[in-house]
Amino acid sequence: FWAGSQNTFGTLHVSTSPNAEGRRARVSLACDGAMTEVIEDLEPASFKGPTIEFDLSGRISVEHPDLRLEATVTPRLPIADYTAGQVIPPMHGAPVKHYQVTVDVAGTCTIKDKSIDLDATGIRDRTWGYRDESTNITEYFWFFATFPDWSLTAMRFFAQDVPERTDGFLITPEGTRSVTAIAV
């Protein structure tokens with residue numbers, strides 16, 4: 001997420017892939033030149049660490065000495081479903097499910113004594129399945145851009161089993177339209 005007028009950007013991330021190094025939560029945030037990152041292990045079947053808590057309904061809170069955050073992530077436009085086009089190559093034959101949605105992020109944040117009322121936009125990415133991209137993906141390119149009334153997202157993968165895959169979406173309040181090619 002980012003808030004250009006507030007010179008703020010960040011990443012809220014939870015990893016629970018079945019073949020990853022473990023379950024963990026990460027919050028990385030930069031606010032007007034102050035930066036911090038908090039990374040914590042999560043217990044099985046939990047989205048709450050020692051200082052980070054992710055509520056799957058869209059609420060994120062952090063109570064850490066370097067970062068205090070109370071934020072709500074709210075979907076703004078329809079969902080981009082990358083699963084149907086299978087742009088992300090399967091890992092060892094297991095499919096990967098991938099969805100994206102344009103979001104608004106609102107709340108309060110204090111990072112190293114700088115406090116703001118957060119008013120940001122961004123993307124929420126929901127991916128699940130086996131994640132070991134290096135086993136099948138040679139190279140990829142992905143981008144996302146959002147504006148008040150629409151967003152654009154697309155991916156282009158080069159994999160060992162199929163030379164190239166491209167998929168993407170122009171997202172408007174009325175729905176999505178396909179992006180079928182990306183030139184880099």
Side-chain angles (χ1 to χ4, degrees), residues 1-17 23-42 46-82 87-88 97-128 131 140-156 167-177 179 182 184:
F1 65 90
W2 57 92
S5 64
Q6 295 176 304
N7 196 23
T8 298
F9 60 93
T11 299
L12 311 168
H13 185 254
V14 172
S15 176
T16 62
S17 296
R23 298 172 52 88
R24 66 183 205 154
R26 175 174 61 96
V27 175
S28 306
L29 190 64
C31 177
D32 201 24
M35 295 178 283
T36 194
E37 182 173 65
V38 180
I39 301 172
E40 299 177 347
D41 290 331
L42 300 173
S46 173
F47 294 95
K48 183 176 181 178
T51 67
I52 301 173
E53 181 175 2
F54 280 81
D55 173 335
L56 295 182
S57 69
R59 190 182 139 278
I60 296 95
S61 63
V62 180
E63 276 297 328
H64 186 273
D66 293 333
L67 175 63
R68 288 190 318 278
L69 174 70
E70 288 291 332
T72 302
V73 177
T74 306
R76 182 162 40 94
L77 292 169
I79 293 172
D81 179 359
Y82 278 97
V87 66
I88 301 173
K97 309 290 185 189
H98 185 82
Y99 303 88
Q100 295 176 354
V101 65
T102 304
V103 296
D104 292 321
V105 181
T108 59
C109 173
T110 302
I111 175 174
K112 299 183 180 177
D113 298 326
K114 292 187 180 194
S115 296
I116 64 165
D117 290 326
L118 188 60
D119 182 17
T121 190
I123 184 170
R124 185 170 189 171
D125 170 321
R126 284 265 175 113
T127 306
W128 63 93
R131 301 290 299 270
Y140 74 93
F141 174 79
W142 169 75
F143 72 91
F144 175 81
T146 188
F147 302 91
D149 297 329
W150 59 281
S151 295
L152 184 63
T153 177
M155 297 181 182
R156 181 177 174 186
D167 197 5
F169 303 90
L170 171 64
I171 310 165
T172 68
E174 292 75 36
T176 62
R177 289 189 295 170
V179 172
I182 302 171
V184 180

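One is the number of the first residue; the rest follow in order along the sequence. Basis for what follows: all heavy atoms, side chains included, without hydrogens, waters or symmetry-related copies. Since this is a predicted model, take the numbers as computed values, not measurements.
- Annotation for L77 and S151: closest pair CD1-OG, 3.6 Å, computed over non-hydrogen atoms.
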What verdict does the side chain to side chain contact (heavy atoms under 4.5 Å, CB included) test give for L12 and L69, after you've listed the backbone C-alpha separation in whole Å, the side-chain angles of each residue and the deciding distance to 0.1 Å? CA-CA 11 Å; L12 311 168; L69 174 70; 4.0 Å; yes
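- Looking only at side-chain heavy atoms (C-beta outward), C109 and L67 come within less than 4.5 Å of each other.
- L29 CG to M35 CE: the interatomic distance, rounded to the nearest 0.5 Å, is 10.5 Å.
- Geometric assessment of R23 against the ring of F47 yields a positive cation-pi assignment under the 6.0 Å and 45° thresholds.
- Side-chain contact check for D32 versus I116: every heavy-atom pair is 4.5 Å or farther apart.
- Contact between F54 and H13 at its shortest, heavy atoms only, is CZ-N, 3.6 Å.
- Residue R124 comes nearest to L56 through the heavy atom pair NH2-O, 3.8 Å, listed as atom of the first residue, atom of the second, then distance.
- Under the rule for a salt bridge (charged side-chain N to carboxylate O under 4.0 Å, His left out), the partners of R59 that lie at least two apart in sequence or sit in another chain are E70.
- To the nearest 0.5 Å, the span separating OG1 on T110 from CD on E63 amounts to 9.0 Å.
- Within the 4.5 Å cutoff, the side chain of P75 has no heavy atoms near those of the T102 side chain.
- When each of T176, L152, T153 is paired with L170, the side-chain contact (heavy atoms from CB on, under 4.5 Å) condition holds for L152 and for no other.
- Partners of E40 under the side-chain hydrogen bond (donor to acceptor under 3.5 Å, both in side chains) rule, at least two apart in sequence or in another chain, are T51.
- Taking D66 as the reference, nothing meets the side-chain hydrogen bond (donor to acceptor under 3.5 Å, both in side chains) condition, with sequence neighbours excluded.
- Taking the six-membered ring where the residue is Trp, F143 and F141 present tilted rings, their angle falling between 30° and 60°.
- Every salt bridge (charged side-chain N to carboxylate O under 4.0 Å, His left out) that E37 has, sequence neighbours left out, goes to R26.
- The number of heavy atoms from other shown groups lying within 6.0 Å of NZ (K114) is above 12.
- In this structure, the side-chain hydrogen bond (donor to acceptor under 3.5 Å, both in side chains) partners of R76, at least two apart in sequence or on a different chain, are D104, T121, T146.
- Distance SG/C31 to CG/L118: 8.0 Å, rounded to 0.5 Å.
- For F9, the CZ atom counts as loosely surrounded, since its 6.0 Å shell holds 12 or fewer non-hydrogen atoms of other residues, nucleotides or ligands.
- A side-chain donor-acceptor contact under 3.5 Å links Q6 to the backbone of D117.
- The shortest distance between side-chain heavy atoms of Y140 and M155 does not fall below 4.5 Å.
- Once rounded to the nearest 0.5 Å, the distance linking CD1 of I171 with CZ of R177 reads 11.5 Å.
- Applying the salt bridge (charged side-chain N to carboxylate O under 4.0 Å, His left out) rule to D41 yields no partners; only residues at least two apart in sequence or on another chain are considered.
- Scanning all heavy atoms of the two residues, the minimum distance from W2 to G122 falls at CZ3-CA, 3.7 Å.
- Taking both residues in full, the closest heavy atoms of F1 and A120 are given as CD1-CB, 3.8 Å, listed atom of the first, atom of the second, then distance.
- Nearest approach of I182 to R156, heavy atoms of both residues: O-NH1, 2.8 Å.
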